[in-house]
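Okay, structure first, notes after.
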Amino acid sequence: MIKAIRGTRDLLPPETALWNFVESTAREVFRTYNFQEIRTPIIEELQLFQRSVGEETDIVSKEMFSWEDRPSLKREAYEVKSPEGTIVGPAPAEARAETKTPAGSTQRTYLALRPENTAGVVRAYIEHKLWDRPGVQKLYYIGPQFRRERPQKGRYRQFYQIGAEAIGPPTAGSESPLRDAEVLEMLATLLDRLGIKNWTLELNSVGCANDRASYDAALRQALEPVKARMCADCQRRAVTNPLRVFDCKVPEDQPIIEKLPRISQYLDEPCRQHFSAVQEVLKAVGVPFMLNDRLVRGLDYYTRTAFEFTHGALGAQNAILGGGRYDGLSEALGGPQAPGIGFAIGEDRVVLALQETAGQLAKPADVYIAPLGAGMNREAARLARELRQAGIVVDLGDESFRLKKSLETASKLGARFALIVGENEVQGGTFALKHLGTGQQQSVPRSELAGRIQSGEQK
RNA sequence: GUGGGAGUAGCUCAACUGGCAGAGCACCGGACUGUGGCUCCGGACGUUGUGGGUUCGAUUCCCAUCUCCCACCCCA
């Protein structure tokens with residue numbers, strides 16, 4: 001049996017109703033903040049992620065699905081054709097190998113499945129010169145992302161993110177702390193609207209490039225004399241990425257970590273002011289948050305505001321969404337100055353957090369039409385068409401079914417009404433409409449059926 | 001990538017020291033030819049995750065492998 005590959009899964013009904021709920025709620029909320037949808041390709045050039053997310057990050061260095069693109073080739077050699085000329089499949093490997101561009105073609109292109117979507121959005125921003133449009137670009141996306149990690153609950157190789165970016169020239173106000181606060185307030189609103197209880201917003205500022213450099217040096221210096229006493233992971237981090245020492249959960253290391261310098265002490269004046277302005281707006285609009293100066297993010301492009309919304313009951317993967325500001329990203333990708341702030345929601349994790357409250361979302365049919373006896377399928381189909389045009393959700397049986405079976409099926413499917421279409425009904429022009437909740441049945445003229453079904457619960 | 005646990009019917013789970021692979025729910029049909037939910041009767045349910053090995057005989061023991069779960073790591 002062929003199965004879904006590791007870390008991927010099929011989303012089936014009724015759970016898909018929950019996914020639709022999450023996505024449509026997000027769209028509605030984003031709409032009220034004037035964000036608009038962008039869709040970028042799932043495949044991008046590998047370079048894009050190396051230059052944005054960062055070559056040394058785990059995501060890029062060991063978690064990406066990437067490959068070398070095929071060199072230019074002769075199409076025919078790659079395809080096996082049937083006698084009629086239709087393509088039936090790829091050519092055998094030997095045939096393909098022969099047609100690979102020989103020496104001379106030094107153009108090697110490496111492609112990757114996107115591990116996140118901010119890079120793609122910023123790439124599109126630059127490629128389509130979106131800075132020429134008025135104001136700050138406020139864009140959101142919903143879609144699959146790919147990381148080759150070991151799967152676990154709330155962590156899949158193909159996972160789904162709902163994210164948004166507010167990006168634009170500084171003159172449009174893209175750098176304003178109000179953008180940060182607006183995005184955070186939007187997220188609080190979204191989580192509330194989704195019915196997610198007990199979320200926590202953790203907030204930090206990781207400073208700008210200058211702050212980071214001096215802080216990094218200070219941190220390395222402070223770690224030097226103490227790292228020998230720390231856990232193996234921390235000793236490694238102290239060299240490779242000192243910031244990550246703050247992620248350490250080993251109890252023995254905590255007293256040491258407590259005494260390390262904090263980024264907050266190294267923020268320059270503009271960063272400091274920016275951060276406190278963000279907090280002031282958050283307080284003004286009543287969004288609760290916790291400062292966490294140990295919050296560091298694993299993508300190189302983050303600057304200044306960094307945040308995470310967490311939720312208990314998600315196990316080790318307790319981050320439901322994360323994001324931050326990325327003021328230098330556009331330039332790093334060869335674009336103009338375009339500060340921005342964005343986030344990505346782990347849709348899989350939101351769905352997980354909502355799982356208990358899921359049941360009620362499935363919407364069964366309003367009416368199940370039971371054609372009864374030879375020739376009744378035609379009549380049933382005509383009626384179904386009429387009712388559906390009135391916006392009613394209709395399911396159809398088959399004239400070969402015994403009435404008992406039809407009613408049983410209707411009731412199992414959760415339909416509110418069963419509509420019997422038999423010889424008697426068609427001749428008399430009135431149809432037996434049975435409310436499956438109460439068991440009450442009435443004879444209803446054709447013209448009144450839609451109205452009767454729509455008036456719903458009343459019997 | 002590292003460590004640990006688990007894989008048996010669609011689902012939830014049984015099967016003693018190695019001896020015919022089972023139950024409940026769900027599904028299908030009948031009792032009941034145009035009236036569901038209740039009841040009764042019947043049916044289909046499976047290469048016991050996969051591949052090897054030991055054995056007269058393996059769901060059970062051994063090896064390998066795959067997948068999921070938990071933790072680490074990392075992140076959403």
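Naming convention: chains lettered A, B, ... in sequence-line order (proteins, then strands); numbering from 1 in each chain. All figures in this text were calculated on a predicted structure; none of them were measured in a lab.
Counting to the nearest Å, the C1' atom of G1(B) and the CZ atom of Arg148(A) are 11 Å from each other. As rounded to whole Å, 20 Å separates atom P of G36(B) from atom CD1 of Ile369(A). Between the CG atom of Asn318(A) and the C1' atom of C70(B) there is a distance of 15 Å, rounded to whole Å. In this structure, CG of Leu403(A) is placed 17 Å from C1' of A31(B), rounded to the nearest angstrom. As a whole-Å value, the separation of Arg294(A) CZ from C75(B) C1' is 17 Å. In this structure, the CZ atom of Arg6(A) is 12 Å from the C1' atom of C69(B), given to the nearest Å. Atom NZ in Lys405(A) sits about 13 Å away from atom C1' in G30(B), given to the nearest Å. What separates CD of Glu423(A) from P of G34(B) is a distance of 13 Å, to the nearest Å.
For the C1' atoms, the distance linking U8(B) with G22(B) amounts to 10 Å, nearest Å. Taking the C1' atoms as reference points, A31(B) lies 23 Å from G24(B), given to the whole Å. Taking atom P in both G30(B) and C68(B), one finds a spacing of 41 Å when rounded to whole Å. Comparing U47(B) with G10(B), their P atoms sit 7 Å apart, to the nearest whole Å. Distance noted for atom P between C20(B) and C25(B): 25 Å (whole Å). U17(B) and U54(B) have their P atoms separated by 25 Å, with the value rounded to a whole Å.
We find that Glu408(A) and Lys412(A) are joined by a salt bridge, their nearest charged nitrogen and carboxylate oxygen being less than 4.0 Å apart. Between Arg294(A) and Glu258(A), at least one side-chain N (NZ, or NE/NH1/NH2) sits under 4.0 Å from a carboxylate O, which counts as a salt bridge. One finds a salt bridge joining Glu44(A) and Arg123(A) here, because a Lys/Arg side-chain nitrogen approaches an Asp/Glu carboxylate oxygen to under 4.0 Å.
Residues meeting the salt bridge (Lys or Arg N to Asp or Glu O under 4.0 Å) test with Lys197(A), sequence neighbours left out: none.
Under the Watson-Crick and G-U wobble criteria, each requiring two contacts below 3.5 Å, nucleotide A14(B) is left unpaired. Base pairing annotation: G42(B) forms a Watson-Crick or G-U wobble pair with C28(B), both donor-acceptor distances under 3.5 Å. Figure legend. U55(B) is base-paired to no nucleotide; pairs are counted as Watson-Crick or G-U wobble with both atom distances under 3.5 Å. Across all strands shown, A9(B) forms no Watson-Crick or G-U wobble pair with both distances under 3.5 Å. Across all strands shown, A71(B) forms a Watson-Crick or G-U wobble pair with U2(B), both key distances being under 3.5 Å. Judged by Watson-Crick or G-U wobble contacts below 3.5 Å, the nucleotide U48(B) has no partner.
The side chain of Lys412(A) places an N or O atom within less than 4.0 Å of a non-bridging phosphate oxygen (OP1 or OP2) of C27(B). Taking only side-chain nitrogens and oxygens, Arg402(A) comes nearer than 4.0 Å to OP1 or OP2 of A31(B). Residue Arg150(A) has no polar side-chain atom (N or O) positioned under 4.0 Å from OP1 or OP2 of G1(B). Phosphate contact (OP1/OP2 of C68(B), side-chain N/O of Gln152(A), threshold under 4.0 Å): absent.
At the heavy-atom level, Gly154(A) lies under 4.0 Å from base atoms of the strands shown. The residue Leu372(A) sits close to a base: some heavy atom pair falls under 4.0 Å. Within the nucleic acid shown, Ala344(A) comes within 4.0 Å of sugar-phosphate atoms alone, with no base atom in reach, counting heavy atoms only. Among the protein residues, Gln441(A) comes within range of the nucleic acid bases, having at least one heavy atom under 4.0 Å from a base atom. If you check every strand for non-hydrogen atoms under 4.0 Å, Gly7(A) touches sugar and phosphate atoms only.
Between Glu185(A) and Thr189(A), the side chains place a donor N or O and an acceptor N or O closer than 3.5 Å (distance only, hydrogens not considered). Donor-acceptor pairing under 3.5 Å is recorded for the side chains of Arg27(A) and Tyr140(A). Side-chain contact, Glu165(A) with Tyr326(A): a donor N or O sits under 3.5 Å from an acceptor N or O.
Considering only side-chain atoms of Lys153(A), the nucleotide from C70(B), A76(B), G34(B) that sits closest is C70(B). When distances run from any side-chain atom of Lys404(A) to the nucleotides G49(B), G34(B), G36(B), the shortest one goes to G36(B). When distances run from any side-chain atom of Arg147(A) to the nucleotides A76(B), G34(B), G36(B), the shortest one goes to A76(B). Closest to the side chain of Ile420(A), out of G36(B), C75(B), G34(B), is G34(B). Checked against G34(B), G36(B), A76(B), the side chain of Ser411(A) finds its nearest nucleotide in G36(B). Nearest nucleotide to the side chain of Ala319(A), out of U35(B), C75(B), C68(B): C75(B).
Evaluation of atom-type donor-acceptor distances gives no pair under 3.5 Å for the side chain of Lys3(A) against the base of G49(B). For Glu425(A) and G34(B), a side-chain-to-base donor-acceptor distance below 3.5 Å is present, hydrogens and geometry of angles not being considered.
Of the candidates Leu184(A), Asp180(A), Val287(A), Leu203(A) forms a side chain to side chain contact (heavy atoms under 4.5 Å, CB included) with just one, namely Leu184(A).
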